[in-house]
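Here's the structure, in structure tokens; my notes come after.
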Amino acid sequence: RRLFFDTHALVCLLEENGFTTQQSEVIVSALVKIMNTNLDMIYKDMVTKVQQEIALQQVMSHIGGVKKDMIILEKSEFSALRSENEKIKLELQQIKKQVMDEITKVRADNKLNLNLEKSRVKELHAQQDRALTQTDRKIDTEVADLKTMLESHKLDNIKYLAGSVFTCLTVALGFYRLWI
């Protein structure tokens, strides 16, 4: 590719501005060489459309390979994560079962202890009730004995009183008879 422009018009322009024809042609010739060299360097660094398409296809194939690798890696990582997740689930279930077993044991122990304490308390209440009943019986027996003894003393007192009254009456009657 070349850059085309009107070199004769540039030569005329230079001549109008005070350059000679030969100087103008040399300047224009140098400018054309410089521009062609610059364009060659620019075109050398540039790629053609075909080269660009080839490079694009190569990049796309590399991207496709990377995608495939990523998918394979993702699947393998996903399956590894899934298996790790399953292991964790199993461990969690085992721990949950152990915790439930421990809770059941603790509950059973607590129920047993509670029932033992209840039976101890009931036994203690029963012992206290028996002791109270025995004490009540002893008190009732003692009260009954005291009443019996009181009645017997009362009866004895009445007997002695009656005996004393009759004795006094007899003595009084005896004096009375003696006096009369």
Side-chain angles (χ1 to χ4, degrees), residues 41-180:
M41 290 180 81
I42 289 171
Y43 289 139
K44 192 167 124 183
D45 290 340
M46 293 175 80
V47 292
T48 62
K49 191 168 190 169
V50 174
Q51 289 172 335
Q52 185 179 3
E53 289 294 325
I54 291 171
L56 182 64
Q57 290 300 324
Q58 288 175 346
V59 168
M60 292 305 281
S61 70
H62 284 302
I63 289 173
V66 169
K67 277 186 182 179
K68 287 178 186 175
D69 290 344
M70 285 176 62
I71 290 170
I72 291 170
L73 182 63
E74 185 178 309
K75 285 182 180 178
S76 67
E77 293 239 348
F78 183 70
S79 62
L81 285 174
R82 182 179 283 158
S83 66
E84 186 69 26
N85 194 17
E86 291 297 322
K87 287 179 186 176
I88 291 172
K89 279 183 182 179
L90 289 174
E91 289 176 7
L92 185 62
Q93 287 175 350
Q94 289 174 350
I95 290 171
K96 187 177 180 181
K97 185 179 178 184
Q98 288 175 350
V99 167
M100 292 304 288
D101 290 343
E102 287 297 320
I103 288 172
T104 305
K105 286 179 185 177
V106 168
R107 281 184 182 168
D109 287 345
N110 286 342
K111 282 184 181 179
L112 180 64
N113 289 339
L114 187 62
N115 288 335
L116 285 173
E117 285 300 315
K118 281 182 181 178
S119 66
R120 285 182 191 150
V121 167
K122 284 181 182 178
E123 182 65 31
L124 185 63
H125 282 295
Q127 287 176 355
Q128 287 174 348
D129 287 343
R130 281 193 296 264
L132 188 61
T133 305
Q134 286 176 354
T135 305
D136 284 346
R137 283 184 190 157
K138 283 181 183 177
I139 290 171
D140 289 343
T141 305
E142 289 293 321
V143 167
D145 287 345
L146 285 173
K147 282 183 180 180
T148 305
M149 193 174 13
L150 185 64
E151 287 295 322
S152 110
H153 285 305
K154 193 194 255 183
L155 196 58
D156 286 344
N157 283 338
I158 290 174
K159 282 182 197 176
Y160 291 125
L161 183 65
S164 298
V165 168
F166 285 127
T167 306
C168 285
L169 252 165
T170 308
V171 170
L173 280 175
F175 280 124
Y176 178 71
R177 231 175 168 197
L178 280 177
W179 250 339
I180 304 200

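Model, not experiment: these values are computed from the prediction. This chain uses plain numbering: 1 for the first residue, then up along the sequence.
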Query - Interatomic spacing from CG in Asp145 to CG in Asp140 - rounded to 0.5 Å - result: 11.0 Å
Requested in this report: Evaluate the side-chain contact (heavy atoms from CB on, under 4.5 Å) criterion for residues Leu90 and Glu86: first the C-alpha distance (whole Å), next the side-chain angles of each, then the deciding distance (0.1 Å), finally the verdict.
Outcome: CA-CA 6 Å; Leu90 289 174; Glu86 291 297 322; 5.5 Å; no
Query raised in the report: Quick one: CG on Leu169 to OG on Ser164, what's the gap to the nearest 0.5 Å?
Result: 11.5 Å
Query raised in the report: Rounded to the nearest 0.5 Å, how far does OG of Ser76 lie from CD1 of Ile72?
Result: 8.5 Å
Query raised in the report: Is it the case that more than 12 heavy atoms not belonging to Arg177 sit under 6.0 Å from its CZ atom?
Result: no
Query - Between CD on residue Glu84 and CD on residue Glu77, distance to nearest 0.5 Å - result: 12.0 Å
Query raised in the report: For Asp156, what residues pass the side-chain contact (heavy atoms from CB on, under 4.5 Å) criterion, not counting sequence neighbours?
Result: Ser152, Lys159, Tyr160
Report summary line: Between the NZ atom in Lys122 and the CG atom in Asp129, the distance rounded to the nearest 0.5 Å is 13.0 Å
Report task. Could you tell me the separation between the CG atom of Leu116 and the NZ atom of Lys118, rounded to the nearest 0.5 Å? Result -> 11.5 Å
Query raised in the report: Hey, is the main chain of Leu81 close enough, under 3.5 Å, to the side chain of Asn85 for a donor-acceptor pair?
Result: no
Report task. Identify, with sequence neighbours excluded, every residue that meets side-chain contact (heavy atoms from CB on, under 4.5 Å) alongside Lys154. Result -> Glu151, Ile158
Query raised in the report: With a 4.5 Å limit on heavy-atom distance, are the side chains of Lys67 and Met70 in contact?
Result: no
Requested in this report: Using a strict 4.0 Å threshold on nitrogen-to-oxygen distance, state whether Glu123 and Arg120 make a salt bridge.
Outcome: no
